[in-house]
Amino acid sequence: MSKKYRLPPGQRLAEDFPVLQYGGIPEFNEKQWIFAITGLVTKPLRLTYKEFLSLPSMELTTDFHCVTGWSKFDLRWKGVLFKTIAAITKPSEEASFAEIMAEQGYTTNLPLSVAMDDDVIFAFGLGGKPLTLEHGFPLRLVVPKRYAYKSAKWVRGLEFLKKDRLGFWERRGYSNSADPWREERFS
Ligand SMILES: Nc1nc2c(c(=O)[nH]1)N[C@H]1C(S)=C(S)[C@@H](COP(=O)(O)O)O[C@H]1N2
Ligand SMILES: [Mo]
């Protein structure tokens with residue numbers, strides 16, 4: 001595919017990989033770090049970082065689109081698929097949405113129809129190396145088919161929900177569906 005047709009409407013390719021977040025970059029304290037999966041699941045889970053790293057993982061290469069207009073091609077993430085987490089915790093039939101919780105109160109939300117896609121990954125590696133702090137170490141979500149505010153950095157857990165619950169940017173006027181190909185930037 002030519003580069004042009006890989007770029008969603010209104011996007012430009014960034015040369016570097018910009019670092020963008022609301023607020024500061026949190027410290028990682030492995031002793032206190034827990035990833036908690038709660039809500040409408042048969043088997044709620046609290047994982048230490050070591051336990052998270054020991055889950056079945058994979059690498060995948062995907063594109064990344066920030067709502068402010070920059071995109072990156074071919075980021076090679078390593079991590080655990082969202083659907084692997086779901087297979088382990090077994091969301092109930094009622095569960096249709098997930099709220100993803102990150103450090104410092106940042107949240108985002110996804111319908112399970114999107115989150116269970118084969119390219120939605122909780123990543124701990126990027127480009128063959130551990131994730132860097134500024135890009136979300138020790139763990140971030142990556143949702144390639146949505147604007148990157150859905151790709152929460154420094155995630156600490158997720159809750160399976162019956163009804164949708166808007167995240168940090170989704171409550172502040174950014175699109176909840178956030179499809180870059182339809183240019184769904186604002187709500
Ligand atoms: N915790 C947290 N995650 C976040 C954000 C944030 O403010 N806080 N910003 C999002 C936005 S808008 C973008 S574009 C990407 C940027 O990821 P990067 O800094 O790795 O390029 O992180 C997303 N994840
Ligand atoms: Mo963004």
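We count ligands from 1, going down the list as the structure has it; atoms in each ligand are counted the same way.
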Validation row: Glu170, Lys150 side chains within 4.5 angstrom (heavy atoms): yes
Short N/O distance, under 3.5 Å, between Pro18 and ligand 1? yes
Heavy atom under 4.0 Å from ligand 1: found in Tyr106's side chain, backbone, both, or neither? side chain
What's the spacing between Glu184 CD and Ser177 OG if we round to 0.5 Å? 3.5 Å
Should the proximity of Phe168 to ligand 1, defined as any heavy atom under 4.0 Å, be assigned to the side chain, the backbone, both, or neither? neither
Side chain, backbone, both or neither: which part of Arg140 comes within less than 4.0 Å of ligand 1 when only heavy atoms are counted? side chain
Out of all atoms in ligand 1, which are within 4.0 Å of some heavy atom of Val19? Include the element for each. 19 (O)
Just by distance, do the side chain of Asp63 and the backbone of Asp74 share a donor-acceptor pair under 3.5 Å? yes
Heavy-atom nearest neighbour in the protein, as seen from atom 23 (C) of ligand 1, with distance rounded to 0.1 Å: Ala148 O, 3.2 Å
What distance do Lys50 atom NZ and Glu30 atom CD have between them, rounded to the nearest 0.5 Å? 5.0 Å
May I ask you to identify, for Phe17, whether its side chain, its backbone, both or neither come under 4.0 Å of ligand 1 on a heavy-atom basis? side chain
Assign the ring pair Phe35 / Phe122 to parallel, tilted or perpendicular, where the plane angle (0 to 90°) is split at 30° and 60°. perpendicular
Does some side-chain heavy atom of Leu112 sit less than 4.5 Å from a side-chain heavy atom of Leu110? no
Is the distance between the ring centroids of Phe28 and Tyr49 under 6.0 Å? yes
Which atoms of ligand 1 are found less than 4.0 Å from any heavy atom of Cys66? 14 (S)
of all protein heavy atoms, closest to atom 16 (C) of ligand 1 is Leu20 O, 3.6 Å
Look only at interatomic distance and state if His135 has a nitrogen or oxygen under 3.5 Å from any nitrogen or oxygen of ligand 1. yes
Have a look at ligand 1 and work out which part of Tyr149, if any, has a heavy atom under 4.0 Å from it: side chain, backbone, both or neither. both
Looking at side-chain heavy atoms only, is the closest gap between Tyr147 and Arg185 below 4.5 Å? yes
Phe17 vs His135 aromatic rings, parallel, tilted or perpendicular, using cut-offs 30° and 60°? parallel
Output the list of atoms in ligand 1 that are nearer than 4.0 Å to some heavy atom of Ser151, sorted by atom number. 22 (O), 23 (C), 24 (N)
If I apply the N/O under 3.5 Å rule, does Lys153 come out as touching ligand 1? yes
Contact between ligand 1 and Phe64 is defined here as a heavy atom of the residue under 4.0 Å from a ligand atom; is it met? yes
Part of Tyr174 with heavy atoms under 4.0 Å of ligand 1, whether side chain, backbone, both or neither: neither
State whether Phe168 and Arg172 meet the cation-pi test: NZ (Lys) or CZ (Arg) under 6.0 Å from the six-membered ring centroid, and within 45° of the perpendicular axis. yes
Enumerated ligand 1 atoms positioned under 4.0 Å from heavy atoms of Tyr22: 6 (C), 7 (O)
